[in-house]
Peer 1: 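Structure incoming, see below.
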Amino acid sequence: MRNHQSDEGGFTLVELLVVAVIIGVLSSIAIPAFAAQTRKGKVASLRAALRSAATVQEQRIADDEPYAQAGLVGLAQLKAAGYVDTPAVELTVVDDDMTAGGRGYCLRASHASLPAADDLYLANTGPNAGRATSEPCVAS
């Protein structure tokens, strides 16, 4: 006489497939949302880098020094005055003569893993003065 057990352990193939489908649906919802949040974080780091650099630029003026020059020299001047690099963010002093009297500046921040279209600019003069925008700086 054979001993039959009616209570075998384990899952059926159908149960496993249902769980796999549920996980697939949830991940198709979660992954794009996570990517959007990651992008928002990177854009926030661009804004923070620009605000920090703008603060250093204004401190230079308060100390009777001119705004940092355009290019790599200007970045070195900002660092010497206290600007600290943000990881994966490249800051550029685009223009140090945004007004006729040389009393303006334009900064650009880009992130290593974002497209160039996501670069942000900040100027202390012009139509977007004091705001980080995706529009390149325009002198006033």
Side-chain angles (χ1 to χ4, degrees):
M1 177 187 278
R2 288 172 72 179
N3 194 4
H4 290 285
Q5 272 188 316
S6 62
D7 189 21
E8 292 184 26
F11 297 102
T12 66
L13 183 58
V14 172
E15 291 171 329
L16 291 175
L17 287 174
V18 168
V19 170
V21 167
I22 291 171
I23 290 172
V25 168
L26 290 176
S27 65
S28 69
I29 294 169
I31 290 174
F34 176 74
Q37 292 302 319
T38 302
R39 183 187 171 283
K40 280 183 178 180
K42 292 173 183 175
V43 170
S45 69
L46 294 178
R47 291 182 193 282
L50 287 172
R51 281 192 299 268
S52 176
T55 300
V56 172
Q57 286 280 48
E58 298 303 330
Q59 183 61 47
R60 286 179 57 87
I61 289 296
D63 292 341
D64 291 326
E65 297 178 26
Y67 288 122
Q69 298 175 25
L72 293 175
V73 172
L75 185 57
Q77 290 172 330
L78 289 176
K79 288 179 181 178
Y83 173 74
V84 177
D85 281 330
T86 303
V89 173
E90 180 181 340
L91 181 77
T92 307
V93 181
V94 178
D95 193 352
D96 63 334
D97 191 21
M98 288 290 291
T99 62
R103 302 296 287 177
Y105 62 84
C106 175
L107 304 168
R108 182 183 78 218
S110 57
H111 196 281
S113 63
L114 290 177
D118 287 334
D119 288 359
L120 292 180
Y121 297 84
L122 186 137
N124 72 329
T125 185
N128 294 318
R131 292 183 326 171
T133 67
S134 58
E135 299 174 21
C137 304
V138 177
S140 60

Peer 1: In Å, rounded to the nearest 0.5 Å, how long is the span from CG of L107 to OG1 of T92?
Peer 2: 9.0 Å
Peer 1: Suppose the criterion is side-chain hydrogen bond (donor to acceptor under 3.5 Å, both in side chains): which pairs have a residue in residues 110-119, not counting sequence neighbours?
Peer 2: R39-D118, K42-S113, H111-S113
Peer 1: To check you understand the geometry: which heavy-atom pair defines the closest contact between C137 and Y121, and what is its length?
Peer 2: SG-CB, 3.9 Å
Peer 1: Name the atoms and distances for all side-chain donor-acceptor pairs under 3.5 Å in residues 17-26, with sequence neighbours left out.
Peer 2:
none

Peer 1: For R51, does its backbone N or O pair with a side-chain atom of T55 as donor and acceptor, under 3.5 Å?
Peer 2: yes
Peer 1: Just to verify, what does S27 make a side chain to side chain contact (heavy atoms under 4.5 Å, CB included) with, not counting sequence neighbours?
Peer 2: I31
Peer 1: Does L122 share a hydrophobic cluster with V94, counting links as ILVMFWY side-chain heavy atoms below 4.5 Å and allowing steps through other members?
Peer 2: no
Peer 1: Decide if atom CD1 of I29 counts as having more than 12 heavy atoms of other residues, nucleotides or ligands within a radius under 6.0 Å.
Peer 2: yes
Peer 1: Provide the full list of salt bridge (Lys or Arg N to Asp or Glu O under 4.0 Å) pairs with a residue in residues 60-73, sequence neighbours left out, each pair given once.
Peer 2: R60-E65
Peer 1: Name the atoms and distances for all side-chain donor-acceptor pairs under 3.5 Å in residues 77-90, with sequence neighbours left out.
Peer 2:
from	atom 1	to	atom 2	distance (Å)
Q77	OE1	Q69	N	2.7
K79	NZ	D85	OD2	2.9

Peer 1: Examine F34 and V43 and state if one hydrophobic cluster contains both, with Ile, Leu, Val, Met, Phe, Trp and Tyr joined whenever side-chain heavy atoms are less than 4.5 Å apart.
Peer 2: no
Peer 1: Pairs in or reaching into residues 11-33: which pass salt bridge (Lys or Arg N to Asp or Glu O under 4.0 Å), with residues at least two apart or in two chains?
Peer 2: none
Peer 1: Please go through L16's hydrophobic cluster and name the other residues, only I, L, V, M, F, W, Y counting, with side-chain heavy atoms under 4.5 Å joining them.
Peer 2: F11
Peer 1: When clusters are formed by joining ILVMFWY residues with side-chain heavy atoms under 4.5 Å apart, either directly or through shared neighbours, do V73 and Y67 land in the same one?
Peer 2: no
Peer 1: Checking R131 now: which residues fulfil side chain to side chain donor-acceptor pair (under 3.5 Å) with it, not counting sequence neighbours?
Peer 2: N128
